[in-house]
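Before any comments, here is the structure.
Only heavy atoms go into these numbers, but all of them, side chains included; no hydrogens, no water, no symmetry mates. In this text, all values refer to a predicted model and were calculated from it rather than measured experimentally.
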Amino acid sequence: MLQLITKNFSLHHTLSCGQTFCWKQLPASASWQWQGYIYDIPCLARQVGNVIIFEGSAELDEALVRRYFNLTPAWDQILSSLPDDSWLNQARKEVAGLRCVHEPWWECTANFICSSLKQIPQIEQINQNLRSRFGQVISGTSFYRFPSAETLATLSEKDLRDCKLGYRAKHLFRAAHQVSHGAISWNSLEQMPLQQASCELQKLAGVGEKVAHCILLYAGNHLDAFPFDVWVFRLMHELYYPKRRVMPDQKTMDRKAQKLFGATRGIAQHYLFHWYRTCYMKSR
DNA sequence: TGGCAGGGGTTGA
DNA sequence: TCAACCCCTGCC
């Protein structure tokens, strides 16, 4: 059993906001709140006040948990110096404790390739299907690792379709081939400027600009990545261009986001996105 | 119970 | 620029 004292952290907001797809919320009657994986180590988790508690194998130590949930002094510093914007301030108050996680590159890439026109529960189902059908069993447990690109590249497109990927099977299959043949150097992506890293990722099948920015934000520590999906278009239009009847184009909104939120606009997007969907829309 | 619309995007013409 | 791509969910 591993216990951590945290500040400004909500397990619930962080795991339910649609950035990671390998966690399952357990029923209220259960003694644990969440079941999932931290870097392919299966674990159970719950939060009581500012204490988070994990049950997992001996490999699961505090350093891994802090890395996965970005529970570091550097992140505390970033969070306390986000720009002073009234909507962002409201979001930070109402979904307090939300954090970006730090996902493994390949799993994050595969998840977001599967995410197009899919809702969060469906992406979670796909993640689970890929693990249980093609992942290595984790010894001593009934859980499975996320299958590597090399493993997925040995399968057929039909195998992937059977995991409920639909037309995305072709994209994931091709991307797995590309990655297993060294098309992407993951480590160098973190050092590249955002635009260059995004272009690099878009060489993979099924990865467009939106998916590339998600991968860079949730796996690559690019806090300036700003994924534009339909929800971000909606919230930017409604909150920041309330008088415009016609939605501004992406370039205009991207410039606005840069001006408002600067180099940490990815975190601002992360808060606004989750808050807009779970609080703002429901209160109207 | 069944039909229908719509959903967190990318591709290829 | 736009149709096509799968399939699940919610709604009627």
Side-chain angles (χ1 to χ4, degrees), chain A residues 13-25 91 95 98 100-101 103 107-130 133 152 155-179 183-184 197-220 222 225-239 246-254 257 265-282:
Chain A
H13 286 314
T14 301
L15 294 180
S16 64
C17 72
Q19 59 179 324
T20 176
F21 305 98
C22 61
W23 287 88
K24 185 172 76 175
Q25 187 166 20
V95 291
L98 173 67
C100 294
V101 296
E103 287 274 88
E107 181 176 350
C108 188
T109 301
N111 280 337
F112 281 102
I113 287 174
C114 298
S115 74
S116 80
L117 294 183
K118 283 275 186 193
Q119 290 164 341
I120 294 168
Q122 295 172 264
I123 309 166
E124 289 170 348
Q125 185 62 56
I126 290 171
N127 183 288
Q128 195 49 49
N129 289 342
L130 289 172
R133 296 176 71 127
L152 294 187
L155 305 172
S156 69
E157 203 178 302
K158 184 183 176 303
D159 289 327
L160 297 180
R161 273 182 186 263
D162 290 345
C163 294
K164 300 191 189 300
L165 267 75
Y167 65 87
R168 303 158 197 84
K170 184 171 72 182
H171 298 157
L172 183 60
F173 181 65
R174 284 171 54 191
H177 265 273
Q178 290 173 286
V179 168
I184 294 282
S198 172
C199 289
E200 199 60 22
L201 276 171
Q202 286 178 61
K203 291 176 183 169
L204 297 180
V207 177
E209 193 178 3
K210 188 265 174 181
V211 168
H213 278 237
C214 286
I215 299 166
L216 290 169
L217 182 59
Y218 301 128
H222 273 275
F226 199 90
F228 272 97
D229 62 25
V230 293
W231 288 97
V232 175
F233 275 116
R234 276 179 211 153
L235 78 86
M236 286 293 288
H237 184 201
E238 192 169 343
L239 306 181
V246 179
M247 188 182 283
D249 63 26
Q250 184 175 330
K251 270 192 179 171
T252 306
M253 291 210 232
D254 196 38
R265 56 190 178 277
I267 301 177
Q269 182 269 6
H270 192 61
Y271 272 99
L272 288 168
F273 173 84
H274 185 53
W275 164 76
Y276 183 78
R277 284 162 49 97
T278 57
C279 302
Y280 183 84
M281 291 297 282
K282 286 186 178 160

Which atom pairs link the protein and nucleotides 8-11 of chain C when you take only N or O atoms and keep those under 3.5 Å?
| residue | atom | partner | partner atom | Å |
| --- | --- | --- | --- | --- |
| C/dC8 | OP1 | A/Lys164 | NZ | 3.3 |
| C/dC8 | O4' | A/Gln122 | NE2 | 3.1 |

- prompt: For A/Cys17, which contact category applies under a 4.0 Å heavy-atom criterion: base, sugar-phosphate, or nothing?
  reply: base
task: For B/dG8 versus C/dT1, give the span between their P atoms, rounded off to a whole number of Å.
output: 23 Å
query: Can a side chain N or O of A/Arg161 be found less than 4.0 Å away from OP1 or OP2 on C/dC6?
result: yes
- prompt: Choosing from B/dG9, C/dC6, B/dG8, which nucleotide comes nearest the side chain of A/Phe273?
  reply: B/dG8
task: Would you mind reading off the distance between A/Ile120 atom CD1 and B/dG7 atom C1', rounded to a whole angstrom?
output: 12 Å
query: Under a cut-off of 3.5 Å for both distances of each Watson-Crick or G-U pair, what dot-bracket string does DNA chain B give, using [ ] for crossing pairs and | for inter-strand pairs?
result: .||||||.|||||
query: Looking at residues at least two apart in the chain, or sitting in another chain, which of them share a side-chain hydrogen bond (donor to acceptor under 3.5 Å, both in side chains) with A/Asn129?
result: A/Gln125
Under 3.5 Å, which protein N or O atoms sit close to an N or O of nucleotides 11-13 of chain B? Give each pair with its distance.
| residue | atom | partner | partner atom | Å |
| --- | --- | --- | --- | --- |
| B/dT11 | OP1 | A/Gly206 | N | 2.8 |
| B/dG12 | OP1 | A/Arg174 | NH1 | 3.4 |

message: I'd like to check the side-chain hydrogen bond (donor to acceptor under 3.5 Å, both in side chains) partners of A/Asn127; sequence neighbours left out, ordered by chain and number.
response: A/Glu107, A/Asn111, A/Arg131
- request: Would you indicate what A/Glu209 reaches in the nucleic acid, counting non-hydrogen atoms under 4.0 angstrom: base, sugar-phosphate, or nothing?
  value: sugar-phosphate
query: Considering only side-chain heavy atoms of A/Asp229, which listed nucleotide, B/dG9, B/dG7, C/dC6, is closest?
result: B/dG9
Partner residues of A/Glu124 under the salt bridge (charged side-chain N to carboxylate O under 4.0 Å, His left out) criterion, sequence neighbours left out: none
task: Answer whether the closest heavy-atom distance between the side chains of A/Leu160 and A/Arg168 falls below 4.5 Å.
output: no
message: I'd like the P distance from C/dC8 over to B/dT11, given in whole Å.
response: 23 Å
